[in-house]
Visitor: 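Questions regarding the structure given below will be posed in turn.
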Amino acid sequence: QVQLVESGGGLVQAGGSLRVSCAASGRAFSSSTMAWFRQAPGKEREFVAAVVWSVDHTYYADSVKGRFTISRDRAKNTVYLQMNSLRPEDTAVYFCAAARFTGVKTTAVEYDYWGQGTQVTVSS
């Protein structure tokens, strides 16, 4: 049973920083891609960032490039999303996702496992 558990969301002022974490368990993720998506009220879930676990290759949505950093800790089986220079439009529920197989994946349908989400709110 794969489990993804997010933590670290909260309320922050515009321009501030926040780090969210995703602890993964239940399978080996060495041949997987893991990602962060977000969903704002009334909007579709959108890709934020991903990491190809085995080679530590990362890629980002244009809207967060240069401000957000995704990273992974092999020993802890945990993925992080460091968010800097936050903007009110970054407000959303942030979801961790994992795909069974590796590769560059930027759409929600390509991911097999999902966490419950953590709320990030950026005030202006």
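Side-chain atoms are counted along with the backbone in the values below, which use heavy atoms only and exclude waters and symmetry mates. Being a predicted model, the structure only gives us computed values, none of them experimental. For this chain, numbers begin at 1 and follow the sequence in order.
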Visitor: Are Phe95 and Leu4 co-members of a hydrophobic cluster defined by side-chain heavy atoms under 4.5 Å apart?
Guide: no

Visitor: Which pair of non-hydrogen atoms, one from Cys22 and one from Met34, has the smallest distance, and what is that distance?
Guide: SG-CE, 4.2 Å

Visitor: If you take all heavy atoms of Thr91 and Gln119, which pair is closest and at what distance?
Guide: CG2-NE2, 4.0 Å

Visitor: Can you give me the closest heavy-atom contact between Asp112 and Arg100, atom names plus distance?
Guide: OD2-N, 2.8 Å

Visitor: Give a yes or no on whether Glu89 atom CD has more than 12 heavy-atom contacts from other residues, nucleotides or ligands under 6.0 Å away.
Guide: yes

Visitor: Can you tell me if Tyr60 uses its side chain to pair, donor with acceptor, with the backbone of Ile70 under 3.5 Å?
Guide: yes

Visitor: Does the side-chain contact (heavy atoms from CB on, under 4.5 Å) test come out yes or no for Phe101 and Ser32, once each step is laid out?
Guide: CA-CA 5 Å; Phe101 305 108; Ser32 301; over 6 Å; no

Visitor: If you measure from OG1 on Thr69 to CE on Met83, what distance do you get to the nearest 0.5 Å?
Guide: 11.0 Å

Visitor: If we ignore hydrogens and angles and just use 3.5 Å, is the side chain of Gln39 paired with the main-chain N or O of Ala92 as donor and acceptor?
Guide: no

Visitor: Hey, could you give me each pair passing side chain to side chain donor-acceptor pair (under 3.5 Å) that has a residue in residues 11-25? Not counting sequence neighbours.
Guide: Ser17-Asn84

Visitor: Evaluate the ring planes of Phe47 and Tyr59, with Trp represented by its six-membered ring, and classify them as parallel (under 30°), tilted (30 to 60°) or perpendicular (over 60°).
Guide: parallel

Visitor: Walk me through whether Asp62 and Lys65 qualify under salt bridge (Lys or Arg N to Asp or Glu O under 4.0 Å).
Guide: CA-CA 5 Å; Asp62 287 343; Lys65 208 171 288 184; 3.0 Å; yes

Visitor: Could you walk me through whether Leu86 and Phe68 pass the side-chain contact (heavy atoms from CB on, under 4.5 Å) check?
Guide: CA-CA 9 Å; Leu86 282 160; Phe68 290 11; 3.8 Å; yes

Visitor: Under a 4.5 Å cut-off applied to non-hydrogen side-chain atoms, are Trp36 and Val51 in contact?
Guide: no

Visitor: Does Val104 share a hydrophobic cluster with Phe37, counting links as ILVMFWY side-chain heavy atoms below 4.5 Å and allowing steps through other members?
Guide: yes

Visitor: Counting C-beta onward and ignoring hydrogens, is there a side-chain heavy-atom pair between Trp114 and Arg45 closer than 4.5 Å?
Guide: yes

Visitor: Examine distances only and state if a side-chain atom of Thr118 and a backbone atom of Ser7 form a donor-acceptor pair shorter than 3.5 Å.
Guide: no

Visitor: Please name the pair of heavy atoms, one in Tyr94 and one in Val48, separated by the smallest distance, quoted to 0.1 Å.
Guide: CE2-CG2, 4.4 Å

Visitor: Evaluate the side-chain proximity of Trp53 to Thr102: yes if any heavy-atom separation is below 4.5 Å, no if none is.
Guide: no

Visitor: Say whether, by atom type as modelled, one donor and one acceptor occur between the side chain of Arg72 and the main chain of Val52 under 3.5 angstrom.
Guide: no

Visitor: Over all heavy atoms of both residues, which pair between Ala35 and Tyr111 is shortest? Give the atoms and the distance, please.
Guide: CB-OH, 3.4 Å

Visitor: List the atom of Thr33, the atom of Gly103, and the distance in Å for their closest heavy-atom pair.
Guide: OG1-O, 2.7 Å

Visitor: Distance-only, no hydrogens or angles: does the Glu6 side chain make a donor-acceptor pair with backbone N or O of Gly117 under 3.5 Å?
Guide: yes

Visitor: First locate atom CG of Asp90, then atom OG1 of Thr121, and finally report the distance between them rounded to the nearest 0.5 Å.
Guide: 11.0 Å

Visitor: With a 4.5 Å heavy-atom cut-off, do Val64 and Arg38 have their side chains touching?
Guide: yes

